[in-house]
Engineer: 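I'd like to ask some things about the structure below.
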Protein chains: 2
Amino acid sequence: MSEYLPDKLAEITIKMLGDRWKVLIIQNLLDGTKRFGELKRELGTITQKVLTSNLRLLEEKGILVRKVYAQIPPRVDYTLTQLGYELKPVIDSMIIWAEEYRRNVAKALNINLADCAE
Amino acid sequence: MSEYLPDKLAEITIKMLGDRWKVLIIQNLLDGTKRFGELKRELGTITQKVLTSNLRLLEEKGILVRKVYAQIPPRVDYTLTQLGYELKPVIDSMIIWAEEYRRNVAKALNINLADCAE
DNA sequence: GCGGATAGTTTCTCAAAAGATACCAATGTT
DNA sequence: AACATTGGTATCTTTTGAGAAACTATCCGC
C-alpha cells in the first residue's frame, strides 16, 4: 500500500500545473519578475480574467508572490518563489518529452505517407 | 519569438498528463502490463467510464497499446509504449517537487502555529 | 435461472475552467 | 472632455471531463 504514496505525490504536482495556462505562466516567470501586462502580451491569447485568476491561485499556493506598488498607473509585479523555481526541472523534462513526442509524430506521418505511396 | 517554442512544448506534455487520472494511470503502468480490472482496483475510486475513456485517449496518442485477447471472459491488456515509458522522468520530477511542496506546507503550518501561540 | 468472471457502453447530471465582452478606477496629458 | 496608462472586476456562455448508476455481452458452473 505504501507504494501508492508516490502516486499521490505526482497528483499534487499535476494540480499545480494541470492546465495550459499555469504551465505557461510559470514558464514565463522563470525568466524573472514580470508585470501583468507583460505576461498577458507574451502569453498571447489569454484573457485578463483567466490570467488574473490563475495568478491569484498560484500566489495562494505559494508558487509566486505578487507585489503591488502604490502608484498610478497601477503596477503589480509577479515573481516566482523558490518553490516556484523548483518546478523548472519538471517543466524541462516536459519539454524533453514533448520533443520526443514530436519526433514520434513525424515518424508516424512518414509511415503514413509511405502507405499512401504504395 | 523563437524563445516561445519551448513554451509550446511543455503545453503538449501537459495535455497528455494534464489531469489526475492520466498521470495516475501512466504511473501504474510503469510497473508493467496490466488489465482493465487490475487498473481499476489499484486506482481506487475511478469509474469504468472515466478509466475507459482515459485509456482510449492515451492509446490514440501513442502512450499505450491495448491488446485484446479472443477469449471469454474478455481480457484486455494495457502496456505503455516506449513513448509512454519516456514520461517516467517527468513523473519522477513531479514527485520530487511534490515532496518539496509538502515540506513547505508543513513549514507554513509551523509558522502559523507559532503565530497563534503568541 | 442465477451468479460469477471480464471489459466495457449508455444516459444524465454536475463541476470547474475557459472564453467573450463590457465596464471600472485613478492619474496624467493634450 | 477625450485619451492614455495600468491592473483589474463582472456577467454570461461554452467546453470539457468527472461522477452516478444502470445496462450489455459471452461463457461457465451450480
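Lettering follows sequence order; numbering is per chain, from 1. Computed from heavy atoms alone, side chains included, the values below leave out hydrogens, waters and symmetry copies.
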Engineer: From CD1 of A:Ile46 over to P of C:dA18, roughly how many Å is that when rounded to an integer?
Structural biologist: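 The answer, rounded to whole Å, is 7 Å.
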Engineer: Would you please name every residue forming a salt bridge (charged side-chain N to carboxylate O under 4.0 Å, His left out) with A:Lys67, sequence neighbours left out?
Structural biologist: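 With neighbours one apart ignored, the set is empty.
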Engineer: Tell me the interatomic distance from A:Ile25, atom CD1, to D:dG7, atom P, rounded to whole angstroms.
Structural biologist: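 In whole Å, D:dG7 P lies 14 Å from A:Ile25 CD1.
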Engineer: Within the 4.0 Å limit for protein heavy atoms, which parts of nucleotides 2-13 of chain C are touched? Write it as a string from 5' to 3', B for base, S for sugar-phosphate only, - for none.
Structural biologist: ---BBSBBBB--
Engineer: What I want to find out is whether A:Glu99 reaches A:Arg102 closely enough, with some N-O distance under 4.0 Å, to be called a salt bridge.
Structural biologist: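 Salt bridge flag = no for A:Arg102 with A:Glu99.
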Engineer: Atom CG of B:Leu51 to atom C1' of D:dG17: distance rounded to whole Å?
Structural biologist: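 The distance from CG of B:Leu51 to C1' of D:dG17 comes to 14 Å, rounded to the nearest Å.
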Engineer: Below 4.0 angstrom from OP1 or OP2 of C:dA18, is there any side-chain N or O of A:Asn54?
Structural biologist: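 Yes, within the criterion.
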Engineer: Please give, in whole Å, the distance from D:dG17 C1' to B:Lys15 NZ?
Structural biologist: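 Whole-Å distance recorded here is 15 Å.
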Engineer: Minimum heavy-atom separation for A:Met94 to A:Leu17, with atom names?
Structural biologist: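 Of all heavy-atom pairs spanning A:Met94 and A:Leu17, the closest is CE-CD1, 4.2 Å.
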Engineer: Using whole Å, what does the distance between atom P of nucleotide D:dT6 and atom NZ of A:Lys40 come to?
Structural biologist: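 Rounded to whole Å, this separation is 11 Å.
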Engineer: Using whole Å, what does the distance between atom C1' of nucleotide D:dT15 and atom CG of B:Asp19 come to?
Structural biologist: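 Answer to the nearest Å: 15 Å.
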Engineer: Without decimals, in angstroms, what is the distance between B:Leu43 CG and D:dA18 P?
Structural biologist: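 Those two atoms, CG and P, are 12 Å apart.
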Engineer: Quick one: B:Arg20 CZ to D:dG17 C1', roughly how many Å, whole number?
Structural biologist: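 So the two atoms are 13 Å apart, to the nearest Å.
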Engineer: Check each of B:Leu39, B:Val76, B:Thr79 against B:Lys34 using the side chain to side chain contact (heavy atoms under 4.5 Å, CB included) test, and report the only one that passes.
Structural biologist: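 Testing B:Lys34 for a side chain to side chain contact (heavy atoms under 4.5 Å, CB included) against B:Leu39, B:Val76, B:Thr79 leaves exactly one candidate, B:Leu39.
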Engineer: Donor-acceptor pair, distance only, cut-off 3.5 Å: does the side chain of A:Thr33 make one with the backbone of A:Asp77?
Structural biologist: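 Checking the backbone N and O of A:Asp77 against the side chain of A:Thr33, no donor-acceptor pair under 3.5 Å is found.
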Engineer: Please check this pair: side chain of A:Trp97 against backbone of B:Leu83, looking for a donor-acceptor N/O pair closer than 3.5 Å.
Structural biologist: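 Yes: the side chain of A:Trp97 pairs with the backbone of B:Leu83.
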